[in-house]
Each structure stands twice: as structure tokens, then as C-alpha cells.
Amino acid sequence: MPNEPGRENRHFIQQIIDSDRASGRVPGEIVTRFPPEPNGYLHIGHAKSICLNFGLAREYGGRCHLRFDDTNPETEDMEFVDSIKEDVRWLGYDWGKHLYFASDYFEQLYDFGEKLIMLGKAYVDSQSMDEIRATRGTVTEPGTESPYRTRSAEENLDLFRRMRAGEFPDGAHVLRAKIDMAAPNMLMRDPLLYRIRHAHHYRSGDTWCIYPMYDMAHPLEDAIENVTHSLCTLEFEVHRPLYDWLVSAVCEPPRPHQYEFARLNLDYTVMSKRKLLLLVKGGHVDGWNDPRMPTIAGLRRRGIRPDAIRAFCDMIGVAKSDNRVDVSLLEYAIRNDLNAEAPRVMAVLRPLKVVLTNWPEGQTDMVEAPWWPHDIPKKGTRQVPFAREIYIERSDFMEDPPQAFHRLSPGAEVRLRYAYIIRCDDVIRDADGTVRELRCSVDLESRSGTGKNASRRVKGTIHWVSAAHAHRAEVRLYDRLFSEADPERVEGSETFLDHLNPDSLEIIPDAYVEPVVAEAAPGTRYQFERNGYFYLDPTFAETNTPVWNRIITLRDTWGRRSKAQTASDTTPNRASEARPGKPSSSPVGHTPNPLSGLDAAGERRAHGLVDEFDLPLESAAVLAGSHMLETWFRSAVAEVGPPPSSIANWMVQELRPLLADANSDSDRDLERIPITPDQFRKLVELHHRDVLSSRLAREVLSDMITSGEPPEAIVTRRGLEQISDKAALSTVMEAVLAAHPDRVAAYRDGKKGLIGFFMGQVMQKTGGKANPQMVREMLETELERA
RNA sequence: UGCCCCAUAGCUCAAUUGGCAGAGCGUCGGAUUCUGGUUCCGAAGGUUCAAGGUUCGACUCCUUGUGGGGCAACCA
């Protein structure tokens, strides 16, 4: 959702796509894909990905593929393919003709395997699984190369073909990429590409006995389909170098790129397929579509509409930081959607009988009740029978109510919604003292709409049903499945199952609904007034008793207040719990050691630079960290010219960040840029002599990197000399101040931060050429003159 | 412990790419209301993880820390 009015808020992937289009990197259609493995049901976390991928395609007029990533024959099934298709469609998205299966690419993927072998980029390894594991090394130690790594291309090809032909048992050989067994990224230590698996695949049957691994299949599938932006979750970040390696090894230029975003975590729920399966298998829920489950099927059966899910996904945004979304956000999306979609009716969940003593026995009145409240622009009414005996909600009566309670109590009056005002005269009790029934008198002139006293106001309005006309219905009340915000956070021998909420389901077999509700078709959504939104569960369509699932309660400021009073001191404050990213105590007195990243030799070099050139230790440490940097620095320094510390400073602070182009080692790029150390020194000199402000010098530097021209040439070509003429600057400044009298006043009123705004304006008006020191001084003296 | 990623209001995210720290949700008030709902109005809430550095100016760039997450399946 837009954060700033008037300016659409673009998340980082949209920004990437925008710039890809602007720069021409992606001239054609934007192509994304949603790539589930058909081995489980989709959940609300997948919904985030679906909304992202299909939403982007819709937004940019591109397309989104639905691709089943079915490369593991042992876990996948057609049942899941069907349910996933249903769920995506239900969410409101359409893949058109772009339905794909990894299993349809097996032949092409195999050809890529042969190609890699021919290129010398892959080999058949005949070590056992254990040997491969053991020689992979650890995160701190490099792995060792397989003895089979040097097999000839011919031998590899022969072996790979025979693997395909079924000559070998499972595990006898694998195809591995030949990359680097010492790579710090474990994924690059000759990752497995193909394994032998004599297993029946639900689509390809027994055609294949070798299957590609994810790292082989996924990037190449993207390339085959001309996907432009391949979006996945954060845990695949470390796979990206491998993705790039593979794609650039065997594919032609228009190539896909992978970007990673944070998966959704929701309070009071679990999201992994494995844990959801455990809930189902263990009988803790009623199946994959239990209305308490975060599965799409569960949300659907709960009665939530797809519009609400999409709105929710819009609200949570897309970013790269781990998150745990507060349920109130989901609840808001659901209520906000249903408010204008669910007609209002009356139902009493926990009945208390009320006899209206002055209402004639046997007389039935029909009152007219609108389907919608006044503030929803929809029309229509229905008739509701009103008679001598009615049911009201047990919780709407209190014998000894607190001050703020404005429902029924002895002697008090309430309005029965759409009907009459009643007064409680008598309370009838059972032998054990519990209230069995109320005797009330009706103000016969107070009938809603038509009565003489229709406009008489009483404090409360409650809902009701006529006892003789009401229908019975089963109602199921759902609460959160877990009692802990983060059920996966366990101690000792606990599992997430220990955090199950025992009260997550309450079945009320004998609620009463007004007659019209009994005619509802399965799948109908109503608001039971003052109780919440309910959904007639279609899975019970066959049975005689209708089952209404409570989708969600109404927002309840009263219940919240009374609960807060009783429970405030026992409920732990969320803020006080340890949260990721928030240090519990801030360390003090720490002095940073710039040398800490260096080995002994590096430290010596750094100190050498300090002694020789009088550099600050920080700059020296950075330069000493890379041989290339240090050499470059030494050749940039000259007898005449700016002090070495300035050159070092500019290298560390300005040059290096400019080199940091996506996925490359910036310090190594130093030799590839068209800037000579001599030219660089001249640039620093221009800044040092105050010909260029730091801002302009930065501008020139980035120009140098792209154009390769010497700094003076760029300055002349673009007319970038700094403006230090007081009169000229004054004119610009006056114009800026005159154009924004309100801000000038605000500044003089104490909002000193506005100096940045004025500076920005002046710099913009002068094309960044104004001498910032002078401008700032002039602005300050001018603005202080009140 | 090696490499990679992340850190802005209670929660989820912005901040025109170095120029006034904002939005939605939540919280608390007020108005409206025949739903203690909705709608409308308002308020509180910030050492931008910390320290140092660069800069006229840093949420943004550099350094070092801290905290959190990911990576050592023939899963995806």
C-alpha cells in the first residue's frame, strides 16, 4: 500500500524491474513464475509468493507461469497438482496457457548435462554418498577433490549415458558440477546435478531413472521458459552464484535473474509443510482444510474470501528482513473485506429465554429488518417474526452489571434490534441459582420505524430470535491454533505441538438462527449481528444440520477493555520478549579496531602505510586488506599533488563503493576500470584545491568510470566548475527563500532540520555546482535574521 | 568458527537514491451510530542496533562491533 500520498510505494523488486526496463536490460515482456513442488498443500505463505509473482505480471502486462517443480519422484503426486491449481485459481490468478512441468523438460535438462560434460564443467563422481559428504569439508574447512574429478569428457559422457540407460543401481554415480571444492560458499563445492533413482514418477512413469537436482533444474527451467525475474525466498540466496554459474555456462544471453525476498511468518501459526503434515497426521486438526489451518484450503473453508488474502499480501509488503506478522493485520484485512460483503442477520449462540409478559399470547408480529447497516450502500430488507417468547444472548444480561454495561439487567431497558424496547422485571432461577429465564415488559409504542416512541433512545441494542420461529444450527467457533506467538520456539524436549491451543475449536450444537438463515445455500456468508462473520460450511452440505463456521469476530472494544482489566498483569508484554534484531543490552565502552579483519602481515602493511604516508589507521587498514588496492594507491601518490591521506580517503570512501557492481569482488575490479592512478590523483587534486566541491568531484568520478575521460576534460565538457561567487549564490538563495515563505517561518520557529531542504533546493537550482560551505553559511545567517 | 543476508514507531513496511524521518495495522481519546461494528476526526509512540569515520549535510557511503537469520540432503 502506498506509504506516501501521491507517490506510489515501490518495493525493492518493483524497483529492480523498473530499472531493468528503463535501462533496457529487459526490453520485452516481464516473465515471472510460481514454481511449487507438488508434494503438499499451499498455505498463506505461498499466497504471498503467488500474489507477488502473478501480481507483478499483471502490473507490468507480462505473464506468470505456473510450473510444477516435480524433479523428485518419491514425494510428488497428482493430487497435489490439482489442489495447487485450484488454490491459485481461487486466489484470483490465471496462468493462461503457461502451465509447465519440470518433468516435461527432462530430455532438455539431460542434454544440458551432456553439454556441461563436453564443456568440462561437469563430471561423473563414483564416490558413495558418505564419501561425498565427508569430502565436502565444513563451513570452516575446505573440501577435498574427488578422485574421479579428472575423468575425461569421453569417459564422463559414457558413464552419464549409461546412468540414463539404467545400468547402475541407485547411488552408484552422480553428476557433479566442477567448480571449486575450496569455495567458501558450500553450494559451490562441486554441487550434485543428477542422481540415479529407480523410482516411478507420477508423470513420466518409468521413462527415467536419473533425475536432476533442484540446483540443476531450477535455473535451466527458468532459462527455457524465458523467465526474466525468478523470485524465491531468502534461504535460496546462497544458491544464486550457482544459479548464475549454470545459466551462463549453458544458456544464450537473454537470461533470467534470481532475486530473494523474505518468507511470511504469521503469529500463532506454523508454516512449514512438514509441521502442517504433522498436525494432520497426528489428528490435531480435521485435515488439510481444517478451518484453523493456514492452508489456502483451510482459509477457504473457514470462509475467508480471496480478496482479503490479496489485500493482506498487499499490506505486508515485500522486503528482505525476517519478519513475523501480527495477526491483527490479517484480521483487519478479513473484516474490512467482509464488512461490505456479508449481509446482516440475527443469531443467538448461547440462548437465554425471555418472556414478554405484556405481549399477547399467540400473537406474532413481523418486523422489517434491513440486510445492511445504514453506511453500506446496499439495499433490501427481510421480515423477522417477533413473538411472546424470545431468546437473547446470555452474555447480554448481567444481574449485577458494572457502570459501563449498557445491556439488560434487572430494571434496565434495552432495544431489541429492529423491534421493541423491553424492560427486565423479573429473573427466574433454577434450583441451583442459575438464571433460567427473564420476565420483561414491552414498550408497545416503541416499535422500530412505525411506533409512536420509535425514536425513544435507550442505552443498548441487542439481538434476539423468536423462540417459536428460530431454527437450530450448529456453530463452530475457532480460535488461534497455537497459544504461543512463535510456536516453533521451543525449550528442552518440547516440540511445537506442546504449544497447541486446547481451546482452538468450540462447537455449539444448538445455536438459534432467525428463519431466513435456515434457507441459506452452502457457501453463504452472513454477519450474525454483534457476533461476527459466519460461513455456511459447504463440506457439510449433505448433512441435515447446517454448520456455520465463525470466520472472525467483530472488533470488540468492550471485550478488550474488560479482558485487559482482569488479565493485564498476567499477560506478558510482547515488547518485553526478546525479539530478533534487538540487543537486550547495549554494550558500552567498545573501541573499534579497524585492524581486526587483517592477518599479521596485513597489520604490518597497514602500519607501514601509516608511517610512510601519514594515513589514518582506518584508511590504511582498508588499503592493506587488498594487494591490488595498496599497489594502486602507491602509484596514485606523487611528490606534488594532494596529500596521500586525501587520496587514500577518496579511494576508500568514494572509489571503492562505485566499483561494487552486483555480484563481483569490487577490489579486483580496480584493474578493469578505465581510470589511471594519475587521473585519479588529478581528480582528488581538483577537489583539494577547491575547484570542485566533494559533490561535484563525486559526479566527475562516476563519469570517469563510464567515459574513461580525464577529470579536466569532463569538467570542461559538462561545465562543472564550482560556483563560489557570493552574489550569484545570493540570488539563487533569495529566490529559494521567497518561494517557500511557510518553511522559512517554520525554520525560524525552531524546525532547524529544514536547513537540509533549503540546501537541497539551492543545490538543485545550481545543478549541484554551488559551493555548499558558502551556501550553508549564507543560509544560516540569513535565516537567523528574524 | 568460514562465507552470505538482514537491522527505521509495539507489528509490517516507506523515505524521490546523500537534503523536512513517514504510512498502514495496533494502542489511546473524541464525534457519529437502533451492531460496544462501520465511518470520520485527533493523539501518543523514534538515540533509524552501537561506536567511530567521510561529508556543508548521513536512515542512506566507509570501518569495526552487537544481535538475528541462512549455508555442510543423492529434498525443494
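Values reported hereafter were calculated over all heavy atoms of this structure, with side chains retained and with hydrogens, waters and symmetry mates removed. We name chains A, B, ... by the order of the sequence lines, and we start the count at 1 in each one.
- Using a 30° and 60° split on the angle between ring planes, His740(A) and Phe757(A) fall in the perpendicular class, above 60°.
- When the P atom of C5(B) is taken as reference, atom CG of Asn185(A) falls 11 Å away, rounded to whole Å.
- Dashed line: the shortest gap from a side-chain N or O of Arg197(A) to OP1 or OP2 of C75(B) is under 4.0 Å.
- In terms of phosphate contacts, Ser694(A) brings no side-chain nitrogen or oxygen within less than 4.0 Å of OP1 or OP2 of U54(B).
- Following rounding to the nearest Å, Leu193(A) (CG) and A76(B) (C1') show an atom-to-atom distance of 15 Å.
- You'll find that the side chain of Thr138(A) is closest to A72(B), out of A72(B), G69(B), U35(B).
- Residue-level contact check: Ser128(A) touches the bases, meaning some heavy atom is under 4.0 Å from a base atom.
- Look at Tyr214(A) and you won't find any side-chain N or O under 4.0 angstrom from OP1 or OP2 of C75(B).
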For this session: Show the numbers, then the answer: is there a side chain to side chain contact (heavy atoms under 4.5 Å, CB included) between Val414(A) and Thr461(A)?
Result: CA-CA 6 Å; Val414(A) 283; Thr461(A) 300; over 6 Å; no
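- Taking every side-chain heavy atom of Arg776(A) into account, C56(B) is the closest of A76(B), C56(B), C62(B).
- Between Thr71(A) and C75(B) there is no side-chain polar atom (N or O) within less than 4.0 angstrom of OP1 or OP2.
- Residue Gln653(A) has no polar side-chain atom (N or O) positioned under 4.0 Å from OP1 or OP2 of C62(B).
- Arg263(A) has no side-chain polar atom (N or O) that falls below the 4.0 Å cut-off from OP1 or OP2 of A76(B).
- For His406(A) and Val318(A), each mapped to the nucleotide of RNA chain B holding its nearest heavy atom, the one lying further toward the 5' end belongs to Val318(A).
- Arg456(A) and Ile421(A) make their closest contact through NH2-CG2, 3.6 Å (heavy atoms, listed as atom of the first residue, atom of the second, distance).
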For this session: List the steps and the verdict of ring-ring contact (aromatic ring centres under 6.0 Å, His included) for Tyr214(A) and Phe236(A).
Result: CA-CA 11 Å; Tyr214(A) 167 88; Phe236(A) 291 98; 5.0 Å; yes
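- Remark: P of G19(B) and CZ of Phe758(A) are 16 Å apart, rounded to the nearest angstrom.
- U38(B) and G19(B) have their C1' atoms separated by 42 Å, given to the nearest Å.
- Judged by atom type and distance alone, Arg335(A) does not reach the base of G37(B) through any side-chain donor-acceptor pair under 3.5 Å.
- Among the nucleotides A76(B), C25(B), G36(B), the one closest to the side chain of Leu329(A) is C25(B).
- Using P as the reference atom, G37(B) and C25(B) are 16 Å apart when rounded to the nearest Å.
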Exercise. Under a cut-off of 3.5 Å for both distances of each Watson-Crick or G-U pair, what dot-bracket string does RNA chain B give, using [ ] for crossing pairs and | for inter-strand pairs?
Worked result: .((((((..((((.....[..)))).(((((.......))))).....(((((..]....))))))))))).....
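- If you take atom P in A73(B) and the same atom in A7(B), they sit 29 Å apart, rounded to whole Å.
- For Ile755(A) and U55(B), the CD1 to C1' distance is 15 Å, given to the nearest whole Å.
- Across the C1' atoms, G10(B) and U27(B) are found 8 Å apart, a figure rounded to whole Å.
- Between C56(B), A76(B), A72(B), one nucleotide has an atom nearer to the side chain of Asn72(A) than all others, and that is A76(B).
- For Glu618(A), the listed nucleotide lying nearest its side chain is C62(B); candidates were U35(B), A76(B), C62(B).
- Taking 4.0 Å as the cut-off between side-chain N and carboxylate O, Arg407(A) and Glu393(A) do not count as a salt-bridged pair.
- Checking the phosphate oxygens (OP1, OP2) of G37(B), a side-chain nitrogen or oxygen of Thr557(A) falls inside 4.0 Å.
- The 12-atom threshold is not exceeded at CZ of Arg263(A), counting heavy atoms of other residues, nucleotides or ligands nearer than 6.0 Å.
- Distances from the side chain of Arg133(A) to the nucleotides A73(B), U39(B), C6(B) place A73(B) closest.
- Between the P atom of C75(B) and the CG atom of Asp69(A) lies a distance of 14 Å, rounded to the nearest Å.
- With hydrogens and angles ignored, a donor-acceptor pair closer than 3.5 Å exists between the side chain of Arg695(A) and the base of G19(B).
- Annotation: Phe386(A) is not in aromatic contact with Tyr418(A) [ring centroid separation under 6.0 Å not met].
- Applying the 4.0 Å criterion to OP1 and OP2 of U38(B), one finds that Arg555(A) has a side-chain N or O inside that range.
- Nearer to the 5' terminus of RNA chain B, by closest-nucleotide assignment, is the contact made by Trp372(A) (compared with the other of Trp372(A) and Gln773(A)).
- Centroid-to-centroid, the aromatic rings of Phe534(A) and Tyr526(A) stay 6.0 Å apart or farther.
- Between Asn323(A) and the phosphate of C13(B), there is a side-chain N or O to OP1/OP2 separation shorter than 4.0 Å.
- The separation of G69(B) from A31(B), taken at their C1' atoms, amounts to 47 Å, rounded to a whole angstrom.
- For A15(B), one of the phosphate oxygens OP1 or OP2 lies less than 4.0 angstrom from a side-chain nitrogen or oxygen of Gln15(A).
- Atom pair Phe12(A):CZ and A15(B):C1' shows a separation of 17 Å (rounding to whole Å applied).
- Nucleotides C3(B) and U60(B) are separated by 24 Å at their P atoms, to the nearest Å.
- U47(B) and G36(B) are spaced 40 Å apart, taking the C1' atom of each and rounding to whole Å.
- Using cut-offs of 30° and 60° on the angle between ring planes, the pair Phe101(A) and Phe68(A) is parallel.
- Each of C62(B), G36(B), C71(B) was ranked by its minimum atom distance to the side chain of Pro657(A); first place goes to C62(B).
- Judged by distance alone, the side chains of Ser146(A) and Arg176(A) never bring a donor and an acceptor atom under 3.5 Å apart.
- In summary, the side chains of Thr233(A) and Glu260(A) do not present any donor paired with an acceptor at a separation below 3.5 Å, with no hydrogens or angles considered.
- Rounded to whole Å, the separation between the C1' atoms of A23(B) and G18(B) comes to 23 Å.
- The NZ-P distance, from Lys752(A) to G57(B), rounds to 18 Å in whole Å.
- Contact check, Arg136(A) against C74(B): a side-chain N or O comes under 4.0 Å of OP1 or OP2.
- Per the geometry, CD belonging to Glu141(A) stands 14 Å off P belonging to C3(B), to the nearest Å.
- An OP1 or OP2 oxygen of C75(B) is reached within less than 4.0 angstrom by a side-chain nitrogen or oxygen of Arg195(A).
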